[in-house]
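Read through the structure below, which is laid out as structure tokens, and then see the notes.
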Amino acid sequence: MRNAVRLVDVLDRMEAGPIIEEEDFDMRLVPETMAELQAKYDISIPPDAPFVPDDDALADRLFEAGLEMAEAIGVLCTDTGRRMLWTRSEILDAIGIAPDHLTVGAFPDAHTEYKRLPEDTRRITIKGGPVGTPSPEHLYVAIQQSYAQEPLVDLMIDGSLETVYGREGRSHSPWEVLLSWHEMEMVLTAVQRAGRPGLGIGCTENSVSEIGELTVTAADRLGPHHWHHVAMISEFKTNYALMTKVAHIHKTGSILHSFYNTIYGGTAGGREGMAIAIVGGCILMQMAYMTTTHSVSPTHPFYGNTTSPDILRAIAPAQQALSRNTHLLNDVVITPVGGPGTKTLLYEVAAQSLLAVSSGAAALIGPRSAAGTEPGHVSGLEARFMAEVAHAAAGMSRAEANRLVAEMVARYKADLDQRPVGKRFDEVYDVVRVQPTEEWLGIYEEVKSELRELGLNLDSAAAHDCVGRSTTV
Amino acid sequence: MPDEKREEALRKELDQVLAAGDTEKGTQIARQALESGLTPTEFFVGIIQPLLYDVGKRFERLEIFLPDLMKAAKVIQTMQREVLEPAILAESGEGSELGTVVIGTCQGDIHDIGKNMVALMLQVNGFRVIDLGTDVSPQNFIDAARKEEADIIGMSSLLTPSMPYMGDLIKRLEGLGLREQYKVIVGGAPVTEAYAERIGADAYGADAVHAVQMCRQLIGLEG
Ligand code: B12
């Protein structure tokens with residue numbers, strides 16, 4: 001929950017908290033706290049642990065560890081060199097009054113995201129889009145439309161632009177103004193073309209610094225009902241530019257979505273450290289940014305994905321920890337190594353969707369195909385697939401989800417270090433009619449058949465658009 | 001052979017010291033090794049480098065994590081600074097550092113995890129590294145390179161709109177008549193070898209190990 005008093009209080013802490021050297025924060029405070037809490041709360045995730053554990057006690061210990069981590073570490077503002085700190089009771093108060101549902105977008109396309117529990121029968125919210133992946137300018141509208149027109153996509157998230165008016169853009173410069181305006185002009189065209197003018201948009205992806213966000217919202221180009229992004233720097237850091245976005249988004253009464261990408265093998269550590277960091281990180285984003293929705297994208301340091309077995313083993317218990325112990329709206333970003341036109345992509349997306357849905361995530365974001373780094377290697381069909389699998393998994397037990405995730409992981413594990421980036425959008429879609437090619441549809445149907453054979457009911461009513469969807473509590 | 005055995009025992013002991021990040025013990029061992037007759041180069045090439053290689057491999061397999069790598073690096077740096085460097089200086093009157101690299105993440109970009117890994121690997125492999133942090137403008141890179149009398153400027157970019165600053169820096173060096181003074185190496189997830197070539201960089205590094213190889217080549221050593 002945000003208000004002006006809290007905003008000023010956060011900014012005060014940013015100027016008055018204890019001073020620390022960044023290196024000491026990164027290399028001593030974070031790893032030492034993680035190791036301590038891992039031992040204190042007996043957090044163990046062995047390399048052969050289930051992908052989707054069914055262990056409520058572990059989830060609850062993880063929550064306690066994450067809570068204590070948030071209190072012990074706080075958030076370092078690198079511009080003031082100070083840590084913003086909160087006491088346990090301040091944290092519990094703040095997460096207690098955070099909203100458990102949120103309506104995004106405008107009439108007639110507004111969508112409400114709800115808090116979910118592990119094994120919840122409620123449908124998860126689908127936030128489809130390329131999540132910052134750069135795309136060639138001439139394909140940008142068609143790419144965004146390919147997501148916006150998918151009926152199962154509840155909210156959209158933008159990609160970024162390779163060029164602007166054919167020029168190279170430059171971050172933190174006048175070019176960022178043009179890039180960010182261009183993004184808005186084009187995504188608003190895309191949602192209009194898709195016949196969903198009020199679709200809630202996740203933005204501003206081209207706002208690398210604060211400049212882009214300030215310019216598009218100030219000009220009313222991008223209304224407060226869209227979900228505006230602010231990153232937290234891994235691990236647990238922020239700066240004036242990001243806090244400027246926070247202040248601006250709050251003063252304009254806009255929805256604030258924050259995200260952060262803990263790095264596997266980074267200062268937070270391995271599976272256990274990542275799991276604690278996901279829980280503590282979400283709590284800290286709530287404290288420092290007063291966000292309404294947040295996501296963590298634990299990233300592999302060499303492949304750039306979120307779908308490696310060790311990372312999945314951290315995400316599931318951490319989501320369960322948050323979802324059992326808070327009503328925060330936690331989203332899961334899916335970043336596969338596979339790109340459009342590959343089965344790898346679909347296996348990875350299926351695995352992480354099943355895992356997130358059964359672990360109580362509120363929304364799925366993505367997929368950020370081909371690790372988000374291959375220009376234009378994204379398409380709306382993978383978001384449709386993500387939604388279909390996710391809705392078929394509503395109400396699924398964690399044990400059943402674990403069985404299916406293991407099947408999927410076995411099918412893609414060997415590809416993780418191969419960079420199977422697949423094809424660019426214009427090779428898997430007819431870019432004028434904005435429809436997938438027969439080839440890409442065929443691959444998609446094949447993987448769906450494999451999932452059906454494994455016992456996933458992709459044809460149930462819940463998997464179809466609108467049926468069984470509730471928009472009231 | 002007794003010598004080999006002794007070296008093996010030394011490596012084992014040092015391995016534990018690196019894991020524990022015990023800088024004091026590390027310098028003590030280095031001192032003893034030199035006293036017992038090893039030259040600084042023999043010690044570094046024969047003992048430290050294989051250990052370093054091993055630590056790097058373990059990180060690649062994620063058996064150890066970034067803080068472990070940092071701990072090992074701290075021990076090695078302290079050894080170099082306090083024992084090896086003075087010994088080499090006393091022997092030959094010249095320093096042992098391979099060269100100076102000024103490194104940073106380009107303007108507007110705050111991604112620093114990969115850049116930090118590169119800086120660390122360069123350091124432990126004998127380069128003097130000046131890390132300018134993130135959001136570094138082309139002029140700031142140049143100012144620092146001049147001040148530090150750098151041999152190499154290393155730029156990291158993770159964002160399409162921060163990549164053009166790499167080319168800008170090279171053009172600015174040309175404009176200032178300074179291009180010949182510095183070698184330029186670039187890297188980061190969206191940067192490719194072809195891009196590096198297009199903007200006229202001297203080298204591209206795909207990862208931290210590759211970055212070390214390329215920097216060695218840039219100063220005229222074997223990769
Ligand atoms: C972690 C991360 C973040 C973290 C960064 C935390 C930190 N302390 O660095 C946070 C959450 C802050 C973040 C923010 C944003 N991010 Co980001 N992020 C990533 C992510 C997931 C991983 C990057 C990473 O650390 N990889 C691990 C390291 C080890 O790998 P690496 O950096 O590639 O480095 C290796 C090599 O490249 C090489 N190398 C690196 N540097 C150098 C330098 C030299 C000289 C040499 C030789 C070699 C070399 O060696 C390294 C070691 O092997 C990538 C996606 C991905 N899959 O890569 C997106 C990504 C880079 N981010 C992206 C975006 C868009 C953003 C935001 C703009 C989002 C937004 N709208 O707010 C902001 C920008 C903030 C800013 N001003 O910079 C996009 C960029 C798209 C593009 N091409 O423009 C990516 C690709 C993801 C995506 N599709 O959205 N992000």
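Within every chain, numbering begins at 1; the chains are lettered A, B, ... in the order of the sequence lines, protein sequences first and strands thereafter.
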Counting only non-hydrogen atoms closer than 4.5 Å, does [X] touch chain B with its backbone (N, CA, C, O), its side chain (CB onward), both, or neither?
X: A:Ile211; answer: neither
X: A:Pro375; answer: neither
X: A:Asp310; answer: neither

side-chain contact (heavy atoms from CB on, under 4.5 Å) partner of A:Pro301, the single match among B:Leu66, B:Leu62, B:Ile113:
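Among B:Leu66, B:Leu62, B:Ile113, the one that satisfies the side-chain contact (heavy atoms from CB on, under 4.5 Å) with A:Pro301 is B:Leu62.
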
Determine the minimum heavy-atom distance between [X] and [Y], stating which atoms define it.
X: A:Leu179; Y: B:Pro161; answer: CD1-CB, 4.1 Å
X: B:Tyr165; Y: A:Ser173; answer: OH-CB, 3.7 Å
X: B:Ala189; Y: A:Thr373; answer: CB-CG2, 4.1 Å
X: A:Val208; Y: B:Gly108; answer: CG1-O, 3.0 Å

Tell me, out of B:Leu158, B:Asp168, B:Leu69, who's got the most heavy-atom pairs with chain A below 4.5 Å.
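Maximum pair count with chain A is reached by B:Asp168.
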
So which of B:Gly167, B:Pro67, B:Pro164 has the largest heavy-atom pair count under 4.5 angstrom toward chain A?
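The candidate making the most pairs under 4.5 Å is B:Pro164.
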
For the [atom1] atom of [X] and the [atom2] atom of [Y], what is their distance to the nearest 0.5 Å?
X: A:Phe302; Y: B:Arg61; atom1: CZ; atom2: CZ; answer: 11.0 Å
X: B:Asp135; Y: A:Ser171; atom1: CG; atom2: OG; answer: 7.5 Å
X: B:Ile110; Y: A:Ile233; atom1: CD1; atom2: CD1; answer: 3.5 Å
X: A:Ile263; Y: B:Asn116; atom1: CD1; atom2: CG; answer: 11.0 Å
X: B:Asp112; Y: A:Asp26; atom1: CG; atom2: CG; answer: 7.5 Å

A:Glu23 bridged to B:Lys74 by N-O distance under 4.0 Å
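Between B:Lys74 and A:Glu23 there is a salt bridge, with a charged N closer than 4.0 Å to a carboxylate O.
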
Counting only heavy atoms from other residues, nucleotides and ligands, does the tally under 6.0 Å from [atom1] of [X] exceed 12?
X: A:Arg419; atom1: CZ; answer: no
X: B:Tyr53; atom1: OH; answer: no
X: B:Glu174; atom1: CD; answer: yes
X: A:Glu21; atom1: CD; answer: no

Considering only heavy atoms, which portion of B:Met163 lies under 4.5 Å from any heavy atom of chain A: side chain, backbone, both, or neither?
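Answer is neither: B:Met163 stays 4.5 Å or more from chain A.
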
Heavy-atom cut-off 4.5 Å, strictly under: side chain, backbone, both or neither for B:Asp207 against chain A?
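Neither part; nothing is under 4.5 Å.
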
Leading residue by heavy atom contact count with chain B [cutoff under 4.5 Å; candidates [options]]:
options: A:His172, A:Glu374, A:Arg170; value: A:Arg170
options: A:Gly169, A:Ser160, A:Pro134; value: A:Gly169
options: A:Glu22, A:Glu162, A:Arg28, A:Glu168; value: A:Glu168

